Amino acid sequence: MKESIFNVLAFKIPESIVFDLFAGSGSLGIEAISRGAEMVYFVDDSLKSVNLIKDNIAVLKNLEKNYKILKSDVIKFIKSNQELCPDIIFIDPPYKIAPAVMEELFAAIKNTGIAVKKTEIVYEYFFKRDISNEIYGFKIKKNSFFGDKIVSYISI
């Protein structure tokens with residue numbers, strides 16, 4: 001699945017600003033760094049995840065200026081970093097996250113103006129989840145199916 005995502009994004013990754021929201025292990029952001037992203041912001045509100053990202057990224061060399069790991073609620077992060085203009089936003093929340101939380105996140109992304117026309121939002125979710133209300137005001141450009149997961153490529 002990760003390989004497919006990065007094949008789709010291949011030309012957008014180099015020199016990009018990337019948000020890895022609900023970062024977990026940090027695998028998407030780390031892959032973005034390895035493919036030439038200029039800066040990756042790993043955001044997760046779990047201390048366990050933040051420590052895991054630190055451990056996973058420690059094996060990589062010469063990346064001190066290419067990332068920031070932030071223990072933060074993703075919605076608060078979006079609202080307090082409006083000056084950043086990401087090229088790519090990875091959203092990989094826990095499967096059982098409440099739809100209202102995702103609606104609030106997408107509303108924050110839209111209302112802050114943090115996402116612009118060129119911003120690619122990559123949203124991974126359980127295939128039975130109806131995201132139409134969550135992404136209100138955005139459009140799905142492409143869906144990819146991986147077993148019980150869907151990856152949607154979304155834009156303004």
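What's counted below: heavy atoms across the whole structure, side chains too, no hydrogens, waters or symmetry copies. What you see is a predicted model, and the numbers here were worked out from it, not measured in a lab.
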Worksheet entry | CG on Asp20 to OG on Ser27, rounded to 0.5 Å | 7.0 Å
Practice prompt. Could you tell me the separation between the CG atom of Leu105 and the CD1 atom of Ile121, rounded to the nearest 0.5 Å?
Written response: 8.5 Å
Item to complete: Using the salt bridge (charged side-chain N to carboxylate O under 4.0 Å, His left out) rule, collect all pairs that involve residues 92-109, keeping only residues at least two apart or in two chains.
Response: Lys79-Glu104
Discussion item. Run the salt bridge (Lys or Arg N to Asp or Glu O under 4.0 Å) test against Lys149 and tell me which residues pass, sequence neighbours left out.
Written reply: Glu124
Item to complete: Only pairs at least two apart or in different chains count here, so list each salt bridge (charged side-chain N to carboxylate O under 4.0 Å, His left out) that has a residue in residues 42-58.
Response: none
Practice prompt. Identify, with sequence neighbours excluded, every residue that meets side chain to side chain donor-acceptor pair (under 3.5 Å) alongside Ser152.
Written response: Tyr125, Asn143
Discussion item. Under the salt bridge (charged side-chain N to carboxylate O under 4.0 Å, His left out) definition, can you give me all pairs with a residue in residues 81-90, not counting sequence neighbours?
Written reply: Asp87-Lys118
Worksheet item: Under the salt bridge (charged side-chain N to carboxylate O under 4.0 Å, His left out) rule, what pairs show up with a residue in residues 133-148, not counting sequence neighbours?
Response: Glu120-Lys141, Arg129-Glu134
Fill in: Contact list for residues 31-43, test side-chain hydrogen bond (donor to acceptor under 3.5 Å, both in side chains), sequence neighbours left out
Glu31-Arg35
Worksheet entry | Which residues share a side-chain contact (heavy atoms from CB on, under 4.5 Å) with Leu52, sequence neighbours left out | Ser25, Asn56
Fill in: ring-ring contact (aromatic ring centres under 6.0 Å, His included) against Phe77, all qualifying residues, sequence neighbours excluded
Phe19
Worksheet item: Does Phe42 reach the side chain of Ile57, with side-chain heavy atoms less than 4.5 Å apart?
Response: yes
Worksheet item: Applying ring-ring contact (aromatic ring centres under 6.0 Å, His included), which residue pairs with at least one partner in residues 133-156 are found, sequence neighbours left out?
Response: Phe106-Phe138
Discussion item. Once ring-ring contact (aromatic ring centres under 6.0 Å, His included) is applied, do any residues pair with Phe22, and if so which ones, sequence neighbours excluded?
Written reply: none
